[in-house]
Amino acid sequence: MAKQNVAEQFVDILARAGVKRLYGVVGDSLNPVVDAIRRTPGIDWIQVRHEETAAFAAGAEAQLTGGPAACAGSCGPGNLHLINGLYDAHRSMAPVLALASQIPSSEIGLGYFQETHPDQLFRECSHYSELISSPQQMPRVLQTAIQHAIGRGGVSVLALPGDIASAPAPDKAIDHALMTSRPTVRPGDGEIDRLAALIDKAKRVTLFCGSGTAGAHAEVMEFAERIKAPVGHALRGKEWIQYDNPYDVGMSGLLGYGAAYEATHACDLLILLGTDFPYNAFLPDDVKIVQVDVRPEHLGRRSKLELAVWGDVKETLRCLTPRVKVKTDRKFLDRMLKKHADALEGVVKAYTRKVDKHVPIHPEYVASVLDELAAEDAVFTVDTGMCNVWAARYISPNGRRRIIGSFSHGSMANALPQAIGAQFTDRGRQVISMSGDGGFSMLMGDFLTLVQYDLPVKIVLFNNSSLGMVELEMLVAGLPSYGTTNHNPDFAAIARAAGAYGVRVEKPKQLGSALKDAFRHKGPALIDIVTDPNALSIPPKISAEMVSGFALSASKIVLDGGVGRMLQMARSNLRNVPRP
């Protein structure tokens, strides 16, 4: 049997850890690794057109599967392109391993062609970033990187010079069992007892949930029923907590709606469950706050806490719920449920009034129709900007759908690359990219990746020929919009020229049939929908402090937007409210 080189050993370990594919762009320093992938069953090389796409795709795959995913870039400029997608994966706690190939090891530090120091450059967006400077470091360094990514939830980066990758692997390399799943974390009995005492003493408790409630829907509902608490959520908590939720009061934050803001301020105990909600201006400063999080570094960095509880939400609630006294007073819960329904009733008319005649098309209407026609297990990838608003307010979670975006990092151009990673995990599952024209055109070259691999991703393009969120930022600052207008082509024609399905929609009556036809198409499809650039949105509660770093406007031109099927759910929940 021929002796392995370092690249072959590297690829074997990745495959054993469960990595199915490496996304990247080939280059000389990567050649040994790419060739090893060619000869290794069970792992594939996915050729993209831009390394940023590779990192976003790997991050989306990791978020969907929960297992490790990988991307790669060649030396210097190649691996530098990974950084934006790696920041997003790291802040989304997605276990991603990035291979940053390096110049020849003998030339490092001498100003060689394309020289950078990726082991230093990627440290801020990773848990582990190291240079493999000799074959003897393999496989221990790679195994350590994998365990950092999986165990801590985030990115690991390895810089590997091409000459080291081609070198023979050591004869007696230490090859140990890989850790490929995370344990549950339970708080101590002392913390559970203190939290139970706070809850028993409080008269009005509100729960505010983030992505850390993934897999804990039943536990949150049981807990909310026991203490009669309204349940709000952050954007990243929407897909995990909003569905089948009779205690739902909507979403707080910059894209918020409903009664979540009031519920978090009118209570006397606010419990943050698995959320690192970044906008502390939306959190109360005169209410006792408890935070439960599996990442201890998240505890208390947004708000002053009465109690910090280190544990994952599911295990914490399993321990906590039996220890708290059953509350019988529903007055606070019922009042918040009614306020929530009233708030949704007040804005829903904004997108139902004459939508069948409004040209350009209301984007709210597009999102509403999309929500109705999409599959019950669809994966939605959502561009940063106004698409975030439409997804937050119109896409209905049900426990089977997934909604992925750059919700923590806030990068443009994330939806198409993330759709690529999502579709590779399951070619038979419907994947829909809710793209803005600005984000789509930024990484439009990777539409060709869809065509090359015949990935049946459906791109629903909200084409308002502008950078809508940036225009809002300018409005907030009292500035005239400038540099925000896009002179766009017919994107559907470009899609057809590339060999994909493309259709352009300019009138509301065309929308339903256009989406249905595209969804029935077996391969990649792009639906270029011309939408109203004046359809903007504001949260239900704003202040000058809240607008910092984001787009808000109290201008009269702002359209408040509707909330899709959430109104129907809120009305249904009101049936549980006793009538006087």
Side-chain angles (χ1 to χ4, degrees), residues 60 63-66 92 207-225 230-251 255-258 260 273-275 313-314 337 340-341 344 348 351 364-382 387-405 407 415 418-419 422-423 425-426 428-434 456-458 460 512 515-516 519 561-576:
Q63 289 181 68
L64 282 173
T65 66
S92 300
L207 308 182
F208 187 68
C209 302
S211 61
T213 57
H217 184 275
E219 286 77 11
V220 174
M221 295 304 107
E222 181 185 1
F223 182 53
E225 167 57 30
V231 179
H233 59 267
L235 179 56
R236 290 190 66 201
K238 174 184 172 74
E239 62 178 327
W240 306 115
I241 215 67
Q242 187 194 33
Y243 69 95
D244 296 338
N245 180 357
Y247 318 100
D248 178 56
V249 291
M251 189 169 81
L255 309 183
Y257 55 83
L273 294 175
T275 179
V313 172
K314 187 169 187 173
L337 289 175
H340 180 58
L344 301 194
V348 75
Y351 82 97
E364 302 97 322
Y365 178 63
V366 177
S368 180
V369 174
L370 175 61
D371 181 52
E372 293 175 4
L373 297 181
E376 291 300 296
D377 66 344
V379 178
F380 297 87
T381 62
V382 184
C387 285
N388 270 193
V389 179
W390 316 137
R393 296 191 173 190
Y394 293 91
I395 301 304
S396 304
N398 57 14
R400 298 170 63 201
R401 287 177 167 180
R402 293 299 311 273
I403 305 173
I404 295 174
F407 299 138
Q418 289 176 330
Q423 194 72 82
T425 67
D426 185 350
R429 189 174 185 181
Q430 187 180 69
V431 176
I432 299 170
S433 171
M434 294 177 64
V457 169
K458 313 306 179 192
V460 178
L515 288 173
K516 289 176 184 177
F519 290 168
V563 285
R565 285 191 278 180
M566 285 178 277
L567 174 60
Q568 185 178 348
M569 186 177 71
R571 287 171 174 163
S572 177
N573 289 345
L574 274 180
R575 295 171 191 163
N576 300 318

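- Shown here are the side chain to side chain donor-acceptor pair (under 3.5 Å) partners of Asn398, two or more places apart in sequence or in another chain: Glu376.
- Rounding to the nearest 0.5 angstrom, the gap separating the NZ atom in Lys516 from the CG atom in Leu373 is 6.0 Å.
- Atom CD1 of residue Ile432 and atom CD1 of residue Ile395 lie 7.5 Å apart, to the nearest 0.5 angstrom.
- A search for side chain to side chain donor-acceptor pair (under 3.5 Å) contacts involving Glu239 returns Arg402, not counting sequence neighbours.
- Nearest heavy-atom pair, Cys209 versus Thr275, reported as atom, atom and distance to 0.1 Å: C-CB, 4.2 Å.
- Rounded to the nearest 0.5 Å, atoms CD (Gln430) and CZ (Arg401) are 8.0 Å apart.
- Nearest heavy atom pair, residue Ala224 against residue Tyr247, reads CB-CD1, 3.8 Å.
- Counting heavy atoms from C-beta outward, Leu337 and Val249 have side chains that approach closer than 4.5 Å.
- The shortest non-hydrogen separation linking Gly274 to Val313 is N-CG2, 3.6 Å.
- Note that CG of Leu64 is 9.5 Å distant from CG of Asp426, once rounded to the nearest 0.5 Å.
- Considering every non-hydrogen atom in both Gly512 and Val369, the closest pair reads CA-CG1, 4.3 Å.
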Show me, pair by pair, the donor-acceptor contacts under 3.5 angstrom made by side chains of residues 210-221, not counting sequence neighbours?
residue, atom, partner, partner atom, Å
Thr213, OG1, Gly210, O, 2.7
His217, NE2, Tyr243, O, 2.6

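- The heavy-atom pair separating Tyr394 from Ala367 by the smallest distance is CB-CB, 3.7 Å.
- Not counting sequence neighbours, the partners of Asp377 by the side-chain contact (heavy atoms from CB on, under 4.5 Å) test are Ala375, Arg400, Arg429.
- Side-chain atoms of Gln63 do not come within 3.5 Å of backbone N or O of Gly66 as any donor-acceptor pair.
- Summarising the geometry, atom CH2 belonging to Trp390 is positioned 14.5 Å from atom CG belonging to Asp371; distances are rounded to the nearest 0.5 Å.
- Remark: Glu225 pairs with Lys228 by the salt bridge (charged side-chain N to carboxylate O under 4.0 Å, His left out) rule, at least two apart or across chains.
- When all heavy atoms of Ser433 and Val457 are compared, the pair lying nearest together is CB-CG1, 4.4 Å.
- No side-chain donor-acceptor contact under 3.5 Å links Lys238 to the backbone of Pro397.
- Listed by chain and number, the residues in a side chain to side chain donor-acceptor pair (under 3.5 Å) with Thr381 amount to none (sequence neighbours excluded).
- Put simply, the side chain of His233 never gets that close to the backbone of Phe208: no donor and acceptor are under 3.5 Å apart.
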